[in-house]
Peer 1: 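The structure is given below, and queries will be raised subsequently.
What you are looking at is a predicted structure, and each value in this text was computed from that prediction instead of being measured. Chain A is the first sequence line, chain B the second, and so forth, proteins listed ahead of strands; every chain is numbered from 1.
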There are 2 protein chains.
Amino acid sequence: MPPVATKHAALIHALNHEGRQYSTAVVVFHHAVSRRLGLNAGDHKYADILMRSGPMTAGKLAEITGLTSGAITGIVDRLAQAGWVKRIQDPADKRRVILTPIHHPKKAKEVQAVFGSLITAMGQLSGSYSDTELALILDFMARSRTILLEQAVQVGAKKKPQTARNVKRRRAR
Amino acid sequence: MPPVATKHAALIHALNHEGRQYSTAVVVFHHAVSRRLGLNAGDHKYADILMRSGPMTAGKLAEITGLTSGAITGIVDRLAQAGWVKRIQDPADKRRVILTPIHHPKKAKEVQAVFGSLITAMGQLSGSYSDTELALILDFMARSRTILLEQAVQVGAKKKPQTARNVKRRRAR
DNA sequence: GTGATTATCTTAGTCACTAAGACAAACCAC
DNA sequence: GTGGTTTGTCTTAGTGACTAAGATAATCAC
């Protein structure tokens with residue numbers, strides 16, 4: 001990118017860059033937490049959805065995540081094996097499986113241990129900001145997020161059919 | 001999570017939540033852009049590293065990304081096939097391969113088309129903020145990012161050896 | 001020159017996914 | 001009720017992107 005002309009433009013550019021870096025940091029943190037809890041990053045995310053939203057059918061989770069039913073089967077296998085969720089047959093419709101988060105005190109303690117120091121550190125940071133400032137930051141991030149999602153849709157709509165798959169490996173040495 | 005006691009605590013909680021959602025939005029946007037450019041999200045990221053940092057050896061890219069040399073081989077195969085980079089043998093050390101980003105006007109135009117409207121939209125948003133405010137937001141995000149990365153290291157240090165791999169699929173019906 | 005080291009590629013195996021189909025349960029005529 | 005269709009989940013086969021370990025060629029140390 002070429003050097004920018006005004007301070008305002010420079011700030012916008014820096015925010016764009018920071019947005020990406022921030023996102024990467026969230027992903028890195030999330031990944032570390034997942035490993036710590038004995039899950040891969042994807043499964044952790046899905047477990048989180050279940051914990052937040054409460055019991056739901058396998059189909060509902062597939063819908064929320066956009067994954068196929070086959071993928072959900074594998075995810076639930078792993079989460080059940082690791083003791084985070086239970087499969088319960090719906091008595092009202094025996095085809096359905098209700099995925100139920102298990103609230104195990106030991107696991108809750110582990111989660112607490114992992115997030116506790118983040119919450120403390122973030123609390124310390126935000127302690128140096130006024131409520132007005134925090135609200136401003138929150139609002140900006142929410143607005144930026146909306147723009148990103150809108151743009152993603154717009155970019156996706158113009159999406160090219162071809163992706164980099166089926167590339168035959170052929171290389172000169 | 002239980003309802004929080006103070007406005008300040010509520011804001012911290014909201015920022016934590018927003019941080020995650022923001023990160024997801026960045027990932028979604030990035031994914032859409034990648035698809036639009038005929039790459040998968042990972043390859044796009046690596047191409048971006050090359051474009052920003054300029055030519056480097058395959059080994060250097062492996063080091064930066066933390067991937068194995070075998071993975072780099074595959075990534076460079078795909079990027080080269082799609083016309084984003086070239087492999088050039090280092091004349092000074094014929095073992096080495098220098099990965100060189102290709103600056104193709106047509107591709108540059110594509111990239112411009114994809115990011116142009118994001119930049120416009122973000123410009124409009126940040127137009128409603130003063131430079132002081134933008135600087136505040138930028139600073140907060142950078143500090144949060146630092147905390148996240150520190151916490152990731154800390155969480156990782158206590159990491160359990162076992163992960164959810166090698167789970168034998170066994171399930172009652 | 002010979003041996004150890006280095007940089008990349010290759011091969012074999014793994015993991016999380018998709019697509020398509022199997023199968024039981026539920027729904028819907030009639 | 002019975003028969004055909006639809007629905008919800010699981011199974012199977014195949015793929016893409018990775019890792020680990022080893023092959024290969026070039027370089028370095030002496």
Peer 1: Expressed as a whole number of angstroms, how long is the span from Met56(B):CE to dT8(C):P?
Peer 2: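 Spelled out: CE on Met56(B) to P on dT8(C) is 12 Å.
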Peer 1: Which part of the nucleic acid, if any, lies within reach of Ala58(B) when heavy atoms closer than 4.0 Å are counted: base, sugar-phosphate only, or nothing?
Peer 2: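 Ala58(B): backbone/sugar contact only, no base atoms under 4.0 Å.
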Peer 1: Do the ring planes of Phe115(A) and His44(A) sit parallel (below 30°), tilted (30 to 60°) or perpendicular (above 60°)?
Peer 2: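 Geometry flag for His44(A) against Phe115(A): tilted rings.
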Peer 1: How many whole angstroms separate atom NZ of Lys94(A) from atom C1' of dA26(C)?
Peer 2: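 Checked: the NZ to C1' distance equals 11 Å.
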Peer 1: How close or far is atom P of dG8(D) from atom CZ of Arg87(A), stated in whole angstroms?
Peer 2: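 It works out to 17 Å between those atoms.
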Peer 1: Would you indicate what Gly59(B) reaches in the nucleic acid, counting non-hydrogen atoms under 4.0 angstrom: base, sugar-phosphate, or nothing?
Peer 2: sugar-phosphate
Peer 1: Within the pair Asn40(B) and dA17(D), is there a side-chain N or O less than 4.0 Å away from OP1 or OP2?
Peer 2: yes
Peer 1: Between Ser117(B) (side chain only) and Ala113(B) (backbone N and O only), is there a donor and an acceptor less than 3.5 Å apart?
Peer 2: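 Between the backbone of Ala113(B) and the side chain of Ser117(B) there is no qualifying donor-acceptor contact (under 3.5 Å).
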Peer 1: Take Asp90(A) and Ile75(A), find for each the nucleotide of DNA chain C with the closest heavy atom, and name the residue whose nucleotide sits nearer the 5' end.
Peer 2: Ile75(A)
Peer 1: Starting at atom CG of Asp43(A), determine the distance to atom C1' of dC17(C), rounded to an integer number of angstrom.
Peer 2: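 In whole Å, dC17(C) C1' lies 12 Å from Asp43(A) CG.
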Peer 1: Roughly, in whole Å, what's the span from CG in Leu67(B) to C1' in dA21(D)?
Peer 2: 17 Å
Peer 1: Is there a donor on the side chain of Arg95(B) or the base of dT8(C) sitting less than 3.5 Å from an acceptor on the other?
Peer 2: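 Result: no qualifying N/O pair found.
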Peer 1: Would you kindly give the CD-to-C1' distance between Gln81(A) and dC15(C), to the nearest whole Å?
Peer 2: 16 Å
Peer 1: Within a strict 4.5 Å, meaning less than it, do heavy atoms of the Val26(B) and Leu148(A) side chains meet?
Peer 2: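 The answer is yes, as the side chains (C-beta and beyond) meet within the 4.5 Å cut-off.
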Peer 1: Side-chain N or O of Arg96(B) less than 4.0 angstrom from OP1 or OP2 on dT27(D)?
Peer 2: no
Peer 1: I'd like to know if Ser69(B) reaches the base of dC9(C) with its side chain such that a donor and an acceptor end up less than 3.5 angstrom apart.
Peer 2: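 For Ser69(B), whose side chain was compared with the base of dC9(C), there is a donor-acceptor pair (under 3.5 Å).
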Peer 1: It should be established whether Tyr46(B) places a side-chain nitrogen or oxygen under 4.0 Å from OP1 or OP2 of nucleotide dA17(D).
Peer 2: no
Peer 1: Test your reading of the model: is there a side-chain donor-acceptor pair from Glu133(B) to the backbone of Ser130(B), 3.5 Å cut-off?
Peer 2: yes
Peer 1: CG of Leu99(B) versus C1' of dT8(C): gap in Å, rounded?
Peer 2: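 After rounding, the reported distance stands at 11 Å.
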Peer 1: Is there a side-chain polar atom (N or O) of Arg78(A) under 4.0 Å from OP1 or OP2 of dC15(C)?
Peer 2: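 Indeed not, no polar side-chain atom of Arg78(A) lies that close.
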Peer 1: Using a 3.5 Å distance criterion without hydrogens, assess whether the side chain of Ser128(A) forms a donor-acceptor pair with backbone atoms of Leu125(A).
Peer 2: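 Checked: pair present.
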Peer 1: When you match Ile72(A) and Asp93(B) each to their closest nucleotide on DNA chain C, which lands nearer the 5' end?
Peer 2: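 In this pair, the answer is Asp93(B).
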Peer 1: Calculate the interatomic distance between Asp77(B) atom CG and dA17(D) atom P; express it in whole Å.
Peer 2: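 Taking CG of Asp77(B) and P of dA17(D), I get 11 Å after rounding.
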